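Single-structure report; data block below.
Below, read A as the first sequence line, B as the second, and so on, with proteins coming before strands; counting in each chain starts at 1. Bear in mind that the values here come from a model prediction, so they are computed numbers and not experimental data.
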There are 2 protein chains.
Amino acid sequence: MAEPIPIRQTAHRIPVQTIGRLSLYRRLLLELSAGGMRQIYSHQLASAAVATPAQVRRDLMMIGFTGSPRKGYAVDELIAAVNGVLAQSVETSVALVGVGNLGRAILAYYTNRQPWVRFVAAFDRDPDKANRIIHGCRVYPFEQAEEVLGREGIRAAVIAVPAAEAQRVADRLALAGVRSFLNFAPVRLHLPTGAFVDDMDMSTALDRVAYYARQQRQT
Amino acid sequence: MAEPIPIRQTAHRIPVQTIGRLSLYRRLLLELSAGGMRQIYSHQLASAAVATPAQVRRDLMMIGFTGSPRKGYAVDELIAAVNGVLAQSVETSVALVGVGNLGRAILAYYTNRQPWVRFVAAFDRDPDKANRIIHGCRVYPFEQAEEVLGREGIRAAVIAVPAAEAQRVADRLALAGVRSFLNFAPVRLHLPTGAFVDDMDMSTALDRVAYYARQQRQT
DNA sequence: GCCTGTGAAGCTATTCACAGCT
DNA sequence: AGCTGTGAATAGCTTCACAGGC
């Protein structure tokens with residue numbers, strides 16, 4: 001009865017930045033592996049990821065993966081190790097809320113990438129959109145959210161509704177058991193502690209980019 | 001001949017996080033102002049922005065804006081102050097590269113928001129897309145990038161091309177004078193120092209969200 | 001009493017730098 | 001000779017906490 005799942009427990013919390021970079025490393029490594037690369041040095045992976053070698057080594061240390069001084073890291077083993085952290089062997093079910101222009105583009109974007117994540121349901125307030133299948137994902141009226149989320153065991157959602165509705169949607173999803181959100185609406189969400197939100201605030205991002213475009217001073 | 005542009009120089013560099021929050025504050029304040037609010041306390045703005053009051057005060061300190069202990073901050077003056085920092089009175093011209101599903105959704109998203117930023121040109125490799133007008137933005141063949149970017153004085157661009165093309169596109173834009181990038185392609189870009197890149201990496205974001213959806217342990 | 005402005009402290013991610021290994 | 005693994009140092013954003021003001 002000691003530990004039924006002795007997978008790999010890296011005692012400490014992994015910082016969110018590291019999680020993000022691990023996702024990037026995996027993507028790069030999958031491509032390199034397909035290209036025949038078997039071993040890789042931290043400086044090579046760092047260069048591909050636009051990071052420093054020390055950063056790469058630190059990240060891998062976080063997940064308890066070790067290489068050899070002589071040959072660097074074994075690519076396929078490293079991919080497996082990252083998979084072990086990012087996707088605990090099962091694929092994650094995700095819901096999309098808001099099937100407007102942006103929502104559809106998001107669905108199209110994710111289709112046939114990341115087989116470890118699957119969009120199993122989409123919701124829209126507009127009943128005309130219900131019961132259609134978009135990019136292989138069934139659209140339900142938002143009223144059925146609780147039922148479908150529960151049935152599918154969905155704990156992650158992508159919010160692509162207008163700003164004015166985002167908080168209401170988030171509240172309802174949270175009550176239905178969703179704990180992790182990818183928020184495309186340009187508002188910050190108030191959520192119960194323990195929930196995770198990743199804001200993809202395109203408005204803010206464009207403002208930042210516009211700001212730095214004007215900082216053409218000496219550098 | 002002392003200082004022809006005595007605008008407002010807050011000696012130190014403003015951190016990118018602060019720039020992002022200023023953008024958010026402005027959006028919130030515009031709405032509050034439209035709703036008739038004239039004064040606001042740091043804790044009120046903080047609550048709307050899901051931040052701490054100290055954070056708000058520090059951010060405003062960064063741009064040299066001061067309130068009064070009694071009444072807090074004057075909403076409209078604060079909006080003007082943020083505008084002074086984020087948009088130096090002129091509107092910023094931006095180009096979009098890649099007019100696929102995602103590119104069109106991006107254009108649609110930004111249309112009629114943020115009047116201080118304007119998409120003046122879009123580019124696509126596919127000549128069939130050229131010379132059309134999408135959401136009020138003219139599409140050019142990518143070959144004409146240098147010419148159009150130069151003519152319009154464009155220094156900021158949104159990259160929405162497939163991963164495999166993003167670096168080539170970025171290189172060419174950088175050579176044509178673009179210094180600030182909003183990158184939707186799921187790769188990190190290598191750019192000359194001094195250039196600014198904001199990565200909107202949707203793949204990484206979804207992986208992060210999926211990861212934390214599974215961390216349903218005690219919190 | 002309750003707010004702002006801010007020096008100082010705290011925190012956490014990143015980078016350094018070097019011992020150890022092959 | 002050149003790489004990994006990692007304690008220690010660094011850096012920079014955030015939070016604390018309190019003086020000052022109304």
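Spacing between atom CZ of A/Arg70 and atom C1' of D/dT4 amounts to 13 Å, rounded to whole angstrom units. In this structure, the CG atom of A/Leu60 is 9 Å from the P atom of D/dT4, given to the nearest Å. With rounding to whole Å, A/Tyr41 atom OH is found 13 Å from C/dC21 atom C1'. Between A/Asp59 atom CG and C/dT14 atom C1' there is a gap of 10 Å when expressed in whole angstrom units. The separation between B/Met61 atom CE and C/dT4 atom C1' is 12 Å, rounded to whole Å. To the nearest angstrom, C1' of C/dA13 lies 14 Å from CD1 of A/Ile19. Spacing between atom CG of A/Leu78 and atom C1' of D/dG5 amounts to 15 Å, rounded to whole angstrom units. When rounded to the nearest whole Å, the span between CE of B/Met62 and C1' of D/dC13 equals 8 Å.
Regarding contacts with the backbone of D/dC13, every side-chain N or O of B/Gln55 stays at 4.0 angstrom or more from both OP1 and OP2. Between B/Arg21 and D/dT14 there is a side-chain polar atom (N or O) within less than 4.0 angstrom of OP1 or OP2. An OP1 or OP2 oxygen of D/dG5 is reached within less than 4.0 angstrom by a side-chain nitrogen or oxygen of A/Thr66.
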Let me have the donor-acceptor pairs involving side chains of residues 164-171 of chain A, under 3.5 Å, with sequence neighbours excluded, atom names and distances please.
| unit_1 | atom_1 | unit_2 | atom_2 | d |
| --- | --- | --- | --- | --- |
| A/Glu165 | OE2 | A/Arg125 | NH1 | 2.9 |
| A/Glu165 | OE2 | A/Arg125 | NH2 | 3.2 |
| A/Gln167 | OE1 | A/His190 | N | 2.9 |
| A/Gln167 | NE2 | A/Asp171 | OD1 | 2.8 |
| A/Gln167 | NE2 | A/His190 | O | 3.0 |

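For the pair B/Tyr110 (side chain) and A/Met202 (backbone), a donor-acceptor distance under 3.5 Å is present. In this structure a side-chain-to-backbone donor-acceptor pair under 3.5 Å is present from B/Arg104 to B/Val99.
Residues forming a side-chain hydrogen bond (donor to acceptor under 3.5 Å, both in side chains) with A/Asn183 (at least two apart in sequence, or on another chain): A/Asp199. Contacts of A/Glu31 classified as salt bridge (charged side-chain N to carboxylate O under 4.0 Å, His left out), with partners at least two apart in sequence or in another chain: none. B/Ala205 pairs by the side-chain contact (heavy atoms from CB on, under 4.5 Å) definition with A/Leu182, A/Asp198, A/Met200, B/Arg208, not counting sequence neighbours.
With D/dC3, D/dT14, C/dC3 as the choices, the nucleotide that has an atom nearest any side-chain atom of A/His43 turns out to be D/dC3.
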Taking N or O atoms only and anything under 3.5 Å, show me the protein contacts with nucleotides 16-20 of chain D, one pair per line.
| unit_1 | atom_1 | unit_2 | atom_2 | d |
| --- | --- | --- | --- | --- |
| D/dA17 | N6 | B/Arg57 | NH2 | 3.2 |

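The list of side-chain hydrogen bond (donor to acceptor under 3.5 Å, both in side chains) pairs with a residue in residues 55-65 of chain B, not counting sequence neighbours, reads B/Thr18-B/Asp59, B/Arg21-B/Asp59, B/Tyr25-B/Asp59, B/Ser42-B/Arg57.
Judged by closest nucleotide on DNA chain C, B/Ile40 is the one of B/Ile40 and A/Val16 placed further toward the 5' end.
If you check every strand for non-hydrogen atoms under 4.0 Å, A/Ser68 touches sugar and phosphate atoms only.
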